[in-house]
Protein chains: 2
Amino acid sequence: MLTIDPESTVPIYLQLRNEIMEAIARGDLSTGDTLPSVRALAGDLGVNMHTVNKSYHELVSKEIIEIVPKKGAVIIVDEGVSNQRLALMSAEFRPLLAEALVRGMKEEELQRLITTIMNNIKED
Amino acid sequence: MLTIDPESTVPIYLQLRNEIMEAIARGDLSTGDTLPSVRALAGDLGVNMHTVNKSYHELVSKEIIEIVPKKGAVIIVDEGVSNQRLALMSAEFRPLLAEALVRGMKEEELQRLITTIMNNIKED
DNA sequence: GTTTTGTTATAGTATATATAGAACAAAAAG
DNA sequence: CTTTTTGTTCTATATATACTATAACAAAAC
């Protein structure tokens with residue numbers, strides 16, 4: 001079930017994008033599955049249609065879903081990460097890892113943290 | 001040397017914050033060292049004083065520097081990460097790790113990526 | 001005593017986030 | 001075939017964020 005926190009400082013369209021990604025990571029959604037229509041999901045969540053639409057297009061730009069006109073938003077996760085995609089991901093990881101280094105975290109400590117978070121994602 | 005990219009989509013105050021954190025991670029700046037005054041750095045970079053000020057306060061909120069009135073911005077990195085700080089970091093890592101999982105990255109693959117990025121930070 | 005410091009205040013512009021409502025063409029559903 | 005649903009596009013509004021500009025202040029540094 002997708003939910004949002006209106007009080008969060010994280011924009012709604014990013015909250016939604018993140019939740020959908022986690023649902024896929026968990027296996028609750030798989031390649032071929034479709035997301036609800038923008039109007040239906042917006043109605044459920046009590047937010048504007050355009051906000052949901054923006055979430056979906058976030059996922060389109062990440063090549064995680066494909067919006068097939070008049071059919072729906074279909075999940076299209078193909079395994080494997082291109083070098084271009086890896087560069088984008090690295091740019092996002094970089095400031096977080098810099099902070100970890102500043103705080104004196106050792107690589108083992110960080111690897112454990114990563115493992116813990118990944119397990120949390122899978123278990124929620 | 002601190003620089004900014006005016007074309008970047010990353011806000012200037014975050015670019016600066018990130019660069020300063022990387023300088024500390026690299027060892028170019030250490031506990032006790034002081035950053036230039038907000039006016040001096042703003043002049044060097046060709047940006048507004050308030051933008052640099054915002055960067056510094058980003059680091060204050062992360063407890064990485066301390067602004068001693070009329071003395072300067074002093075680096076105060078004490079090793080060790082509180083549980084509260086760990087929770088904040090986890091919240092930032094989480095969506096990135098979800099995306100990695102969606103793309104089918106295995107934990108080994110991710111650990112290698114993390115190591116690579118950390119080495120890049122240290123070597124720049 | 002002059003300069004430099006971080007801070008605070010006001011003001012303006014530009015962009016980002018979110019909402020609202022309307023209209024469109026085409027596919028799906030009845 | 002007709003109705004409904006679909007994503008898309010457009011206009012409009014409100015609020016928040018990012019950045020700049022300028023001014024003023026009190027206190028430490030010189």
Side-chain angles (χ1 to χ4, degrees), chain A residues 2-21 29 32-76 88 91-92 95, chain B residues 2-21 29 32-76 88 91-92 95:
Chain A
L2 298 171
T3 56
I4 57 156
D5 174 11
E7 308 301 315
S8 171
T9 61
V10 181
I12 297 171
Y13 79 100
L14 291 182
Q15 289 184 46
L16 261 182
R17 178 204 67 175
N18 293 345
E19 286 195 59
I20 294 167
M21 285 201 300
L29 292 172
D33 290 349
T34 59
L35 297 171
S37 77
V38 289
R39 282 183 177 85
L41 184 50
D44 282 355
L45 297 173
V47 301
N48 194 273
M49 173 189 67
H50 299 298
T51 305
V52 175
N53 201 20
K54 193 168 183 180
S55 291
Y56 284 10
H57 281 279
E58 272 282 312
L59 294 166
V60 169
S61 77
K62 286 184 178 295
E63 294 175 310
I64 288 175
I65 70 172
E66 209 170 34
I67 295 177
V68 185
K70 317 302 166 191
K71 188 179 176 192
V74 189
I75 293 162
I76 50 152
L88 292 173
E92 296 188 278
Chain B
L2 298 171
T3 56
I4 57 156
D5 174 12
E7 308 301 314
S8 171
T9 60
V10 180
I12 298 171
Y13 78 100
L14 290 182
Q15 288 183 47
L16 260 182
R17 178 204 67 175
N18 293 345
E19 285 194 61
I20 294 168
M21 284 200 301
L29 292 172
D33 290 349
T34 59
L35 297 172
S37 77
V38 290
R39 283 183 177 86
L41 184 51
D44 281 357
L45 298 172
V47 301
N48 193 274
M49 174 190 64
H50 298 299
T51 306
V52 175
N53 199 239
K54 194 169 183 181
S55 291
Y56 284 10
H57 281 279
E58 272 282 312
L59 295 166
V60 169
S61 76
K62 286 184 179 294
E63 295 175 310
I64 288 174
I65 70 173
E66 210 170 33
I67 296 178
V68 185
K70 319 301 166 189
K71 186 179 176 192
V74 189
I75 293 162
I76 50 152
L88 292 173
E92 296 188 278

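Throughout, a chain's letter reflects where its sequence line sits, starting with A, and its residues are numbered from 1. The figures here come from the full heavy-atom set of this structure, side chains too, leaving out hydrogens, waters and symmetry mates. All values reported here derive from a predicted model rather than from experimental measurement.
In this structure, the CD1 atom of B:Ile12 is 19 Å from the P atom of C:dT13, given to the nearest Å. Summarising the geometry, the separation between CG on A:Leu16 and C1' on C:dT19 is reported as 15 Å, rounded to the nearest angstrom. When the P atom of D:dA23 is taken as reference, atom NE2 of B:His50 falls 12 Å away, rounded to whole Å. Atom CG of A:Leu41 and atom C1' of C:dA18 are 15 Å apart (whole Å). Rounded to whole Å, the distance from CZ on A:Arg17 to P on C:dA18 is 12 Å. Rounded to a whole Å, the CD1 atom of A:Ile65 is 12 Å from the C1' atom of D:dG7. In this structure, NZ of A:Lys71 is placed 15 Å from P of D:dT8, rounded to the nearest angstrom. C:dT17 atom C1' lies 14 Å from atom CG of A:Asn53, rounded to whole Å.
Taking the side chain as every heavy atom from C-beta outward, A:Leu41 and A:Leu2 approach each other to under 4.5 Å. Residues B:Tyr13 and B:Val47 form no side-chain contact, since every pair of their non-hydrogen atoms from C-beta on lies 4.5 Å or further apart. Residues B:Leu45 and B:Leu16 form a side-chain contact, since some pair of their non-hydrogen atoms from C-beta on lies under 4.5 Å apart. For the pair B:Arg17 and B:Met21, the minimum side-chain heavy-atom distance is below 4.5 Å.
The 5' end of DNA chain D is approached more closely, in terms of each residue's nearest nucleotide, by B:Asn48 than by the other of B:Asn48 and B:Arg39.
In this structure, of C:dT7, D:dT6, C:dA18, it is C:dT7 that holds the atom nearest to the side chain of B:Met49.
A sub-4.0 Å separation between OP1 or OP2 of D:dA18 and a side-chain N or O of B:Lys54 is present. Checking the phosphate oxygens (OP1, OP2) of D:dC19, no side-chain nitrogen or oxygen of B:Thr51 falls inside 4.0 Å. Distances shorter than 4.0 Å separate some side-chain N or O of B:Tyr13 from OP1 or OP2 on D:dA18. Note on B:His57: a side-chain N or O is less than 4.0 Å away from OP1 or OP2 of C:dT7. The phosphate of D:dT5 has neither OP1 nor OP2 within less than 4.0 Å of any side-chain N or O from A:Ser37.
The backbone N or O of A:Leu14 lies less than 3.5 Å from no partner atom in the side chain of A:Glu58, so there is not a single donor-acceptor pair.
Contacts of B:Val68 with the nucleic acid, taken as non-hydrogen atoms under 4.0 Å apart, are absent.
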